Amino acid sequence: MREKVAVVPGSFDPITLGHRDVIVRAAALFDRVVVGVAVNAAKRPLLPAAVRVELVENCLAGVTSVTVAQVPGLLAEFCREVGAVAIVKGLRGGHDLGQEEPMALVNKELTGIETVFLAAAPNWGHISSSLVKDVARHGGDVSAYVSPAVAQALATASR
Ligand code: PNS
């Protein structure tokens with residue numbers, strides 16, 4: 001039987017432990033997961049794409065069946081290229097759903113790819129990359145929300 005591949009896409013600017021939780025849970029549901037570090041046209045990233053990829057790899061070291069790649073263009077096209085059967089995204093409530101639902105529908109219209117939503121675990125539901133960046137920018141401790149390598153990268157980038 002053909003292996004079932006899922007893509008977990010995002011800006012990952014930077015990856016948080018909330019993202020990590022969703023990726024690990026996706027890896028338990030599918031044979032293989034490709035984390036896609038993509039461009040969100042509505043956001044200006046703090047960290048360059050290559051650094052974001054490295055940090056995702058570092059944060060997921062030791063998690064089998066997960067690989068990381070940069071999404072060069074359209075996410076739906078990337079999913080077709082890697083043979084994905086689904087996109088997986090985490091939802092932190094109604095606000096996320098409002099943003100994610102149109103993207104899920106457009107991706108479905110573009111290539112037929114389905115999106116599966118996983119409810120964010122309660123301990124991560126309040127965490128976002130933006131919030132973490134804001135705390136780090138002002139010298140706060142982000143070690144409860146991100147991996148040590150991400151905390152270090154944020155400290156360097158915020159200097
Ligand atoms: O972590 P984010 O910023 O919520 O992720 C959004 C992202 C990067 C997955 C989305 O902007 C995206 O898919 N970008 C790639 C370009 C694309 O396919 N755009 C059309 C989306 S329907």
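Both counts, for ligands and for their atoms, begin at 1 and track the order of listing. Treat the numbers as computed from the prediction; the structure is a model and nothing was measured.
For atom 10 (C) of ligand 1, the closest non-hydrogen atom of the protein is Met103 SD, 4.0 Å. Protein heavy atom nearest atom 16 (C) of ligand 1, with residue, atom name and distance: Gly73 O, 3.5 Å. Nearest protein heavy-atom contact of atom 18 (O) of ligand 1 is Leu75 N, 2.8 Å.
Shown here is Phe78, whose CZ atom has more than 12 heavy atoms of other residues, nucleotides or ligands within 6.0 Å.
Looking only at side-chain heavy atoms (C-beta outward), Ile15 and Val35 stay at 4.5 Å or farther from each other. The shortest distance between side-chain heavy atoms of Leu29 and Leu118 falls below 4.5 Å. Cys79 places a side-chain heavy atom less than 4.5 Å from the side chain of Leu75. Side chains of Pro148 and Ser143 form no contact here, defined as non-hydrogen atoms less than 4.5 Å apart.
Closer than 4.0 Å to atom 7 (C) of ligand 1 lies none of the heavy atoms of the protein.
On a distance-only criterion, Ala38 and ligand 1 share no N/O pair closer than 3.5 Å. When only interatomic distances are considered, the shortest N/O to N/O separation between Ser11 and ligand 1 falls below 3.5 Å.
With ligand atoms numbered from 1 in the order given, ligand 1 contributes 22 (S) to contacts under 4.0 Å with heavy atoms of Asn107.
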Would Leu17 and Ile127 count as a side-chain contact (heavy atoms from CB on, under 4.5 Å) here? Give the steps. CA-CA 9 Å; Leu17 297 181; Ile127 296 307; over 6 Å; no

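Judged by the shortest distance from any of its heavy atoms, Leu74 lies inside the 4.0 Å radius around the atoms of ligand 1.
Looking at His19, Glu77, Gln99, Lys89 and measuring to atom 4 (O) of ligand 1, the nearest heavy atom belongs to Lys89. Taking all heavy atoms of Val39, Leu105, Asn40 into account, the minimum distance to atom 14 (N) of ligand 1 is reached by Val39.
Neither side chain, Ser11 nor Asp13, offers a donor N or O lying under 3.5 Å from an acceptor on the other.
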